[in-house]
Amino acid sequence: MSRAPDRLSIPQARRIALAAQGFTDRLPTGAPTRSHFTRVLGRTRLLQMDSVNILARAHYLPTFSRIGPYDDALVDRAAWRPSARAPRLLAEYWAHEAALIPVDDWPLFGWRMDEYRDGRYRHTREILQRNRSQAADVLAVIAEKGAVVPREIEAELGITRAPGEKGAWWIRGEVKHLCEAMFAAGTLSAVRSEHFHRHYDLAERVVGEDRVGRVVGRRDAHRALVARAAASHGVATVADLADYYRLKAAEVRDVLPDLVDAGEVTTVQVDGWDEHAYLHRDARLPRRVDRSTLLSPFDPLVFFRPRTQRLFDFRYRIEIYVPENKRVHGYYVLPYLMGEELVARVDLKADRSAGVLRVLAAHVEPGRDHGAVAESLADDLRRLARWRGLDQVEVAPRGELASALGAAVH
């Protein structure tokens, strides 16, 4: 933008937000490469993680939404399997919940690591406080053995499980809690196996001694994180900026004057928003957005639900934890972006044994052309199915879009 506007309409704010998140970037003409993934990361700044794998794990989906079908190994190598030719780009930490962040951003979370020096959760803190010596033993095993899972540490220390006790992640022994406490404190980092298990290792071996040793003051870190959030949003309120890295609104307000003075952001009014917003200096206002794609429930474009409603007039809630008989739209529901609007939502499941992408429900937003939405969505569902190695798409008769979508798919 040659001159920052004083006022924006909702459609203008929407296009700015979509451009900031990479939805107007040129799509790859061939197979996506590491440079394409790096460009996505430059837009989103983080990839939220989640253990649900009914379709694809959450950290894989935002890249698909921005560059189309790609090899998941691009993310895996960037986060967990680096090489001399392709060094590590990402590390896991508590950013927007559990997330993959650029490895160079690790020092910006030192203040949070200080806050979590005894762990993130009360029960974990209690275990660490009464097991300081055992924590030292756990750390010594990791220092000697390298990246390990808790059961390997238990075996090394001669710790046995009670008879009949399961080893699943939701029944954690004290070693697991100690590892989690040291992970939150930044003493440990982690890499993931192909089965998504955390293998804990010394932070300096994962992210590098220089990054671990670099100290960034709390206020300086907040300023840098708010600047990153502003760039990734394009235009945002204080609440939007705070949510991106789970800062407090007061912490955002404290550093915003610095960013205004430096010319990184300017204040702007968005029609219909109760609060004034902040427009990043690099924000672009495209004339139109032509992208259509499915979005993860944890995509940075939509993971702050109040912003999603303000920008897109789209009320969105994840219903994974809602009892089945009380769900409105389904278990794992993906919003559908068509042009510059969210026009539908689909409950999806990858039936890997049958080779089928199952559309368990398909809902369209009021006032949309069912036929046009169904035709576009059918193409994107087929693209998603191919990416996940599935041979076909099947649409169940649930939701007001199901009939038109089923016809379009077949």
Side-chain angles (χ1 to χ4, degrees), residues 1-2 4-5 7-28 32 36-48 58 61-68 70 96 227-237 239-241 243-244 265-266 268-273 277-316 333-346 364-365 368 372-373 376-377 379-380 383-384:
M1 268 176 261
S2 57
R7 192 173 196 91
L8 294 169
S9 67
I10 289 289
Q12 287 175 322
R14 227 174 9 234
R15 294 198 297 273
I16 288 170
L18 287 163
Q21 279 288 316
F23 290 99
T24 58
D25 292 346
R26 184 176 298 178
L27 288 169
H36 294 113
F37 172 68
T38 303
R39 187 184 67 190
V40 170
L41 186 61
R43 297 295 192 189
T44 66
R45 313 283 169 154
L46 54 77
L47 298 171
Q48 186 176 345
L61 280 161
T63 302
F64 166 79
S65 298
R66 287 156 180 78
I67 63 175
Y70 73 101
H96 183 93
R228 283 160 169 73
S232 290
H233 276 319
V235 60
T237 64
D240 299 336
L241 296 170
D243 180 77
Y244 212 76
V265 299
T266 56
V268 64
Q269 188 65 46
V270 179
D271 293 343
W273 289 14
Y278 294 85
L279 181 70
H280 194 267
R281 66 183 172 197
D282 295 332
R284 293 183 300 110
L285 175 53
R287 292 183 180 180
R288 57 184 297 173
V289 178
D290 293 320
R291 190 68 53 86
S292 69
T293 191
L294 289 145
L295 300 171
S296 162
F298 308 103
D299 192 290
L301 183 68
V302 297
F303 61 26
F304 187 43
R305 311 306 189 206
R307 176 179 171 83
T308 304
Q309 191 153 357
R310 266 186 280 114
L311 269 178
F312 296 97
D313 192 24
F314 188 86
R315 188 178 186 278
Y316 181 45
V333 175
L334 280 70
Y336 182 56
L337 175 70
M338 182 177 168
E340 61 187 59
E341 298 180 308
L342 297 178
V343 299
R345 62 190 91 200
V346 284
V364 66
E365 292 298 285
R368 308 297 178 182
V373 172
S376 178
L377 178 55
D379 286 341
D380 283 311
R383 190 174 297 112
L384 175 64

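- Sequence neighbours left out, the pairs with a member in residues 295-306 that pass side-chain hydrogen bond (donor to acceptor under 3.5 Å, both in side chains) are R66-D299.
- Looking only at side-chain heavy atoms (C-beta outward), Q309 and F304 stay at 4.5 Å or farther from each other.
- Considering every non-hydrogen atom in both L301 and L295, the closest pair reads CD2-CD1, 3.8 Å.
- At a cut-off of 3.5 Å, with distance as the only test, a side-chain donor of S376 or Y336 sits close to an acceptor on the other residue.
- A salt bridge does not link R307 with D243: none of the charged nitrogens is closer than 4.0 Å to a carboxylate oxygen.
- Side-chain atoms of Y316 come within 3.5 Å of backbone N or O of V333 as a donor-acceptor pair.
- Between W273 and T237, some side-chain heavy-atom pair lies under the 4.5 Å cut-off.
- In this structure, the side chain to side chain donor-acceptor pair (under 3.5 Å) partners of R7, at least two apart in sequence or on a different chain, are D271.
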Quiz item: Checking side-chain contact (heavy atoms from CB on, under 4.5 Å) for the pair T44/V40: CA distance, chi angles, key distance, verdict?
Solution: CA-CA 6 Å; T44 66; V40 170; 4.3 Å; yes
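- Every residue two or more places apart in sequence or in another chain that forms a side-chain contact (heavy atoms from CB on, under 4.5 Å) with T24 is listed here: A19, R284, P286, V289.
- Between the side chain of S65 and the main chain of L61, a donor-acceptor pair closer than 3.5 Å is present.
- Using a 4.0 Å cut-off between a side-chain N of Lys or Arg and a carboxylate O of Asp or Glu, E340 and R291 do not qualify as a salt bridge.
- Residues H96 and Q48 are in side-chain contact: their nearest non-hydrogen atoms beyond the backbone lie under 4.5 Å apart.
- Using cut-offs of 30° and 60° on the angle between ring planes, the pair Y244 and H233 is perpendicular.
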